[in-house]
There are 2 protein chains.
Amino acid sequence: MDRLDLLPIGEVARRSGVSVPTVRFYEERGLITSVRTTGNQRRFERHVLRRIAVVRAGQRFGMGLAEIGEALATLPADHPPTKRDWVRMSSRWHALLTARIEAMERVRDGLSSCIGCGCLSLRSCPVYNHDDELAAEGPGPRRWPPAARDA
Amino acid sequence: MDRLDLLPIGEVARRSGVSVPTVRFYEERGLITSVRTTGNQRRFERHVLRRIAVVRAGQRFGMGLAEIGEALATLPADHPPTKRDWVRMSSRWHALLTARIEAMERVRDGLSSCIGCGCLSLRSCPVYNHDDELAAEGPGPRRWPPAARDA
DNA sequence: CTCATACCTCAAGTTCGCTTGAGGTCAAGC
DNA sequence: GCTTGACCTCAAGCGAACTTGAGGTATGAG
């Protein structure tokens with residue numbers, strides 16, 4: 001059964017630029033899948049490289065693995081995705097990214113105007129008071145952005 | 001000694017919108033300071049509210065507390081900062097934010113062109129391969145952005 | 001057959017930015 | 001004097017995204 005065109009984990013790691021434990025970790029999180037050899041070793045299809053590339057790209061957009069996983073779930077897991085699959089997924093990401101960029105721009109410009117007026121301590125300040133639903137997110141680190149609520 | 005114009009921790013928390021433990025935590029990290037009453041309770045000067053506002057703003061820019069702390073260190077800790085102090089600090093942040101926004105735009109636009117060519121798995125892909133210094137950051141969570149290395 | 005890698009699993013550690021809890025003090029009103 | 005609520009300290013926990021380590025198996029070259 002051990003097909004030759006399947007990649008062992010070290011190859012996947014090398015080619016995708018992540019570490020071997022990270023590849024296992026991504027599999028554990030369901031972001032990628034593998035089959036096993038008769039000797040219980042993982043073998044990956046080539047298109048997991050694309051999936052890992054998507055994961056890394058998503059992380060650069062400030063997404064968590066869970067969120068990325070949802071996006072990946074819209075792609076076929078068994079066969080390599082078609083161009084249509086990519087276009088669909090990535091256009092959503094494009095919109096999302098644009099929204100986040102705009103949010104950052106608002107904060108940045110708020111910063112300037114705020115400095116102009118010297119109001120940083122006031123409740124009406126756009127920097128101080130940009131989104132006022134405080135805390136209420138439970139423990140764990142605060143990520144940027146807290147959520148994609150704006151736009 | 002217990003001055004009246006100093007704020008107890010609960011007031012600081014309420015007015016700044018963070019929790020009481022968080023205020024203590026920020027003090028522990030040196031982001032803010034306090035004096036103690038005869039009964040060992042914290043009392044804060046009013047301008048810590050501004051400092052906390054700066055912390056929250058910085059977090060929205062994707063900065064870590066350490067980085068924010070460095071910025072705050074350029075402000076006077078003892079007396080309320082002057083407008084000049086703010087301008088100096090915030091103009092640096094403005095530049096930094098602009099750089100990050102531009103980086104995100106590059107990634108976003110790379111995403112589009114990438115989809116156009118269907119190359120997401122290739123090493124030459126601008127999304128896949130945007131900054132290639134991989135891993136090598138030790139344990140802990142990956143932050144966004146990994147660093148402000150670009151621009 | 002032996003040896004060096006590359007792989008396996010499972011458990012525990014790391015950083016960040018907090019929260020939660022236990023157990024105790026302080027301040028003010030009744 | 002008593003109770004209530006805000007405060008104190010210290011310790012431990014959490015979620016994210018991994019890394020590191022211990023101890024063992026597979027696979028392929030010599």
Side-chain angles (χ1 to χ4, degrees), chain A residues 1-2 4 6-32 34-44 52 55-56 58-69 134-147, chain B residues 1-2 4 6-32 34-44 52 55-56 58-69 134-147:
Chain A
M1 277 285 159
D2 302 19
L4 281 163
L6 294 175
L7 307 168
I9 196 166
E11 261 303 289
V12 171
R14 205 182 56 72
R15 292 208 206 176
S16 63
V18 305
S19 75
V20 169
T22 299
V23 177
R24 289 198 195 101
F25 178 73
Y26 286 170
E27 187 191 18
E28 200 183 302
R29 291 305 187 82
L31 300 169
I32 54 178
S34 68
V35 293
R36 299 295 179 121
T37 64
T38 48
N40 197 34
Q41 301 204 351
R42 273 167 261 250
R43 287 300 118 104
F44 296 88
I52 294 177
V55 172
R56 303 310 271 192
Q59 288 185 310
R60 275 217 295 283
F61 307 167
M63 298 187 192
L65 291 185
E67 198 180 353
I68 294 169
L134 342 131
E137 274 206 60
R142 297 286 160 271
R143 323 205 96 259
W144 187 93
Chain B
M1 281 284 163
D2 304 18
L4 283 163
L6 294 175
L7 307 167
I9 197 167
E11 262 302 289
V12 171
R14 205 183 54 72
R15 292 208 207 177
S16 64
V18 305
S19 75
V20 168
T22 299
V23 177
R24 290 198 194 102
F25 178 72
Y26 286 170
E27 187 191 18
E28 200 183 302
R29 291 303 188 84
L31 300 168
I32 53 177
S34 67
V35 293
R36 297 296 178 120
T37 65
T38 49
N40 196 35
Q41 300 203 351
R42 274 167 260 248
R43 285 301 118 102
F44 296 88
I52 294 176
V55 172
R56 303 310 272 191
Q59 288 186 309
R60 275 216 295 281
F61 306 166
M63 297 188 193
L65 290 186
E67 197 180 352
I68 294 168
L134 342 128
E137 274 206 61
R142 297 285 160 271
R143 325 205 92 259
W144 187 92

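Quick note: numbers below take in every heavy atom, side chains included, and nothing from hydrogens, waters or symmetry partners. In the text below, chain A, chain B and the rest are named by the order of the sequence lines, each starting its count at 1.
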Out of C:dT19, D:dC8, D:dA17, minimum distance to the side chain of A:Leu65 belongs to D:dA17
B:Arg36 atom CZ is separated from D:dT9 atom C1', nearest whole Å, by 9 Å
Value for CD1 (B:Ile9) from OG (B:Ser16), rounded to nearest 0.5 Å, stands at 9.5 Å
From CD of A:Glu28 across to C1' of C:dA11 the rounded distance in Å is 12 Å
query = Quick one: are B:Arg42 and B:Val23 in side-chain contact, heavy atoms under 4.5 Å?
reply = no
Residues B:Phe25, B:Leu65; criterion side chain to side chain contact (heavy atoms under 4.5 Å, CB included); working and verdict: CA-CA 11 Å; B:Phe25 178 72; B:Leu65 290 186; 3.6 Å; yes
B:Leu6 CG to D:dC7 P, in whole Å, measures 14 Å
Whole-Å distance, B:Arg24 CZ to D:dT9 P, equals 7 Å
Separation of C:dA27 atom P from B:Gln41 atom CD, nearest Å, is 6 Å
Rounding to 0.5 Å, atoms CD1 (A:Ile68) and CG (A:Leu31) come to a distance of 7.5 Å
When rounded to whole Å, the CZ to P distance for the pair B:Phe25 and D:dA11 reads 16 Å
Under-4.0 Å side-chain N/O to phosphate OP1/OP2 contact, B:Tyr26 with C:dG17 = no
Taken to the nearest whole Å, CD1/A:Ile68 to P/D:dA16 is 13 Å
Here the distance between atom P of C:dA6 and atom CZ of A:Arg42, to the nearest Å, is 16 Å
Closer than 4.0 Å, any side-chain N/O of A:Thr37 to the OP1 or OP2 of C:dC7? no
- Is the shortest side-chain N/O distance from B:Ser19 to OP1 or OP2 of C:dT19 below 4.0 Å? yes
d(B:Ser19 OG, B:Arg14 CZ) to nearest 0.5 Å is 14.5 Å
Closest to the side chain of B:Thr22, out of D:dT27, D:dC8, C:dT19, is C:dT19
DNA chain C nearest-nucleotide lookup for B:Pro21 and B:Arg29: closer to the 5′ end is B:Arg29
From the candidates D:dC8, D:dA17, C:dT19, the one with an atom nearest any side-chain atom of A:Gln59 is D:dA17
By nearest-heavy-atom nucleotide on DNA chain C, the more 5' of A:Phe44 and B:Val20 is A:Phe44
